[in-house]
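Start at 1 with the first residue, then count along the sequence. Whatever order the structure lists ligands and atoms in, that order sets their numbers, starting from 1.
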Amino acid sequence: MSKTERSILVEGLRNKGIKDENVLRAIAKVKREEFIPLMFRHQAYEDIALPIGYGQTISQPYTVAKMTEELQVKKGDKVLEIGTGSGYQAAILFEMGAKVYSIERRYEIYRNTQKLFDKLGIRVNTKCGDGTLGWAEHAPYDGIIVTAGSPDIPEALKNQLAIKGRLVIPVGGRITQTLKVVTKISEDEFEIKNIPEFAFVPLIGRDGWDGQ
Ligand code: SAM
């Protein structure tokens, strides 16, 4: 895998409308293959989601880029991610200089990704648990990114957002969702922008879908 393949991916993302140079720079730098099981590594720089085991996926690079762009991350921002998965999205946020907190509900995924972060020197604060409840201890967050599809916007996440902070979350059915970009204007006022159409694995938890 090479730098050239990453630059081709970045050019593709630019052609698909991604403009934020900080996001594109992070995608050009982070080695996506490190976050992908060996048998799929040859596809690491195709713009597609890939399986990471346990019925879960690493999101498509375009989706990662679009969500990160909508989050408008600045260096030093405190960002909460729900759904650590492979760790790739968290690695992009870390590369952009964010202070990242990430929650994963499946213990096996949490443990494997924590080991990978340690190996790669990626300093992300992780925990295993139900991300629909947020992580109140470190709130408020400048940004919250949910990388699984939810039936609704969990109240805890709105509460844990800083004023002017942004929550990026796919909301809709179990198969397809609309990406909602929620900006907190005041304690009880939110502005919402809708971007169709995305397909995420379900967010499972108290304020998400029922499931195993
Ligand atoms: N951000 C990930 C990446 O970069 O690879 C993609 C994550 S994958 C599409 C969604 C992840 O969300 C899965 O690992 C799944 O186990 C996790 N998940 C689902 N419901 C969750 C919840 N309530 N809290 C935390 N994680 C959850």
Side-chain angles (χ1 to χ4, degrees), residues 9 23 26-27 30-37 40-41 43-71 73 79-96 98 100-117 120 122 124-136 138 141 143-157 160 167-172 174-177 179 198-212:
L9 173 65
V23 174
I27 288 179
V30 176
K31 296 179 175 163
R32 189 169 182 252
E33 70 268 23
E34 309 256 30
F35 301 85
I36 290 174
F40 296 110
R41 280 201 181 166
Q43 292 177 290
Y45 293 104
E46 291 176 31
D47 191 16
I48 52 174
L50 289 166
I52 57 168
Y54 310 99
Q56 304 302 325
T57 53
I58 174 173
S59 304
Q60 180 186 349
Y62 173 77
T63 302
V64 172
K66 185 67 184 166
M67 291 180 90
T68 313
E69 184 169 75
E70 292 296 337
L71 208 56
V73 187
V79 177
L80 174 66
E81 179 194 28
I82 312 301
T84 316
S86 71
Y88 179 69
Q89 172 73 71
I92 293 290
L93 294 166
F94 174 71
E95 179 62 37
M96 292 175 73
V100 186
Y101 294 83
S102 186
I103 308 176
E104 170 57 50
R105 74 176 276 276
R106 285 215 58 148
Y107 181 72
E108 302 87 339
I109 298 180
Y110 155 78
R111 190 198 48 207
N112 291 345
T113 302
Q114 183 57 60
K115 275 193 204 148
L116 182 66
F117 285 154
L120 300 177
I122 295 170
V124 167
N125 305 283
T126 58
K127 86 165 178 180
C128 186
D130 178 5
T132 66
L133 309 176
W135 195 343
H138 303 288
Y141 300 95
I144 301 180
I145 179 168
V146 182
T147 64
S150 182
D152 246 313
I153 305 175
E155 273 306 306
L157 301 185
Q160 292 176 25
L167 161 64
V168 180
I169 179 170
V171 176
R174 273 203 177 242
I175 309 293
T176 60
Q177 306 86 27
L179 195 62
F198 290 80
F200 282 83
V201 295
L203 180 74
I204 293 169
R206 194 193 71 182
D207 291 341
W209 295 99
D210 294 333
Q212 305 272 318

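Nearest to atom 20 (N) of ligand 1 among the protein's heavy atoms is Ile204 N, 3.0 Å. Nearest protein heavy-atom contact of atom 19 (C) of ligand 1 is Pro202 O, 3.6 Å. The protein heavy-atom contact nearest to atom 4 (O) of ligand 1 is Gln89 N, 3.0 Å. Of the protein's heavy atoms, Glu104 OE1, 2.7 Å lies nearest to atom 14 (O) of ligand 1. Nearest non-hydrogen protein atom to atom 8 (S) of ligand 1 is Thr57 O, 3.1 Å. Of the protein's non-hydrogen atoms, the one nearest atom 24 (N) of ligand 1 is Gly131 N, 2.8 Å. Remark: minimum distance from atom 5 (O) of ligand 1 to any protein heavy atom is reached at Ser86 OG, 2.6 Å. Among all non-hydrogen protein atoms, the one lying nearest atom 18 (N) of ligand 1 is Arg105 CG, 3.9 Å.
Within the cation-pi definition used here (under 6.0 Å to the ring centroid, within 45° of the axis), Arg32 qualifies as a partner of Tyr88.
For a threshold of 3.5 Å applied to N or O pairs, the pair formed by Gly83 and ligand 1 contains at least one separation below that value. Below 3.5 Å of separation, one finds no N or O of Arg106 facing any N or O of ligand 1.
If you check the side chains of Ser102 and Glu81, you find a donor sitting under 3.5 Å from an acceptor. In summary, the side chains of Gln89 and Thr68 do present a donor paired with an acceptor at a separation below 3.5 Å, with no hydrogens or angles considered.
Between atom CH2 of residue Trp209 and atom CD1 of residue Ile204 there is a gap of 10.5 Å, rounded to the nearest 0.5 Å. How far CG of Leu71 is from CD1 of Ile92: 13.0 Å, rounded to the nearest 0.5 Å. Between the OG1 atom of Thr63 and the CG atom of Leu179 there is a distance of 8.5 Å, given to the nearest 0.5 Å.
Only the backbone of Thr84 comes within 4.0 Å of ligand 1, judged by heavy-atom distances. For Ile109, every heavy-atom contact with ligand 1 shorter than 4.0 Å involves the side chain, none the backbone. Of all the heavy atoms of Leu203, the ones lying under 4.0 Å from any atom of ligand 1 are found in both the backbone and the side chain.
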Which is it for Arg106 and Glu108 under the salt bridge (Lys or Arg N to Asp or Glu O under 4.0 Å) test, yes or no, and what are the steps along the way?
-> CA-CA 6 Å; Arg106 285 215 58 148; Glu108 302 87 339; 3.6 Å; yes
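In this structure, Gly129 has a heavy atom closer than 4.0 Å to ligand 1. Heavy atoms of Ser59 come nearer than 4.0 angstrom to ligand 1 in at least one pair. In this structure, Glu81 has a heavy atom closer than 4.0 Å to ligand 1.
Every atom of ligand 1 with a heavy atom of Gln56 under 4.0 Å away is listed here by number and element: 13 (C), 14 (O), 15 (C), 16 (O). Set against the non-hydrogen atoms of Ile58, the atoms of ligand 1 under 4.0 Å away are 5 (O). Near Ile82, meaning under 4.0 Å from one of its heavy atoms, ligand 1 places the atoms 24 (N), 25 (C).
Pro202 places a side-chain heavy atom less than 4.5 Å from the side chain of Arg174. In this structure, the side chains of Thr126 and Ile103 stay at 4.5 Å or more apart for every pair of heavy atoms. Under the 4.5 Å side-chain criterion, counting only non-hydrogen atoms from C-beta, Phe117 is in contact with Thr84.
Ring orientation note: the planes of Tyr62 and Phe198 are close to parallel, at an angle under 30° on the 30°/60° scale. Between Tyr107 and Tyr110, the ring planes are tilted. Angles from 30° to 60° get that label.
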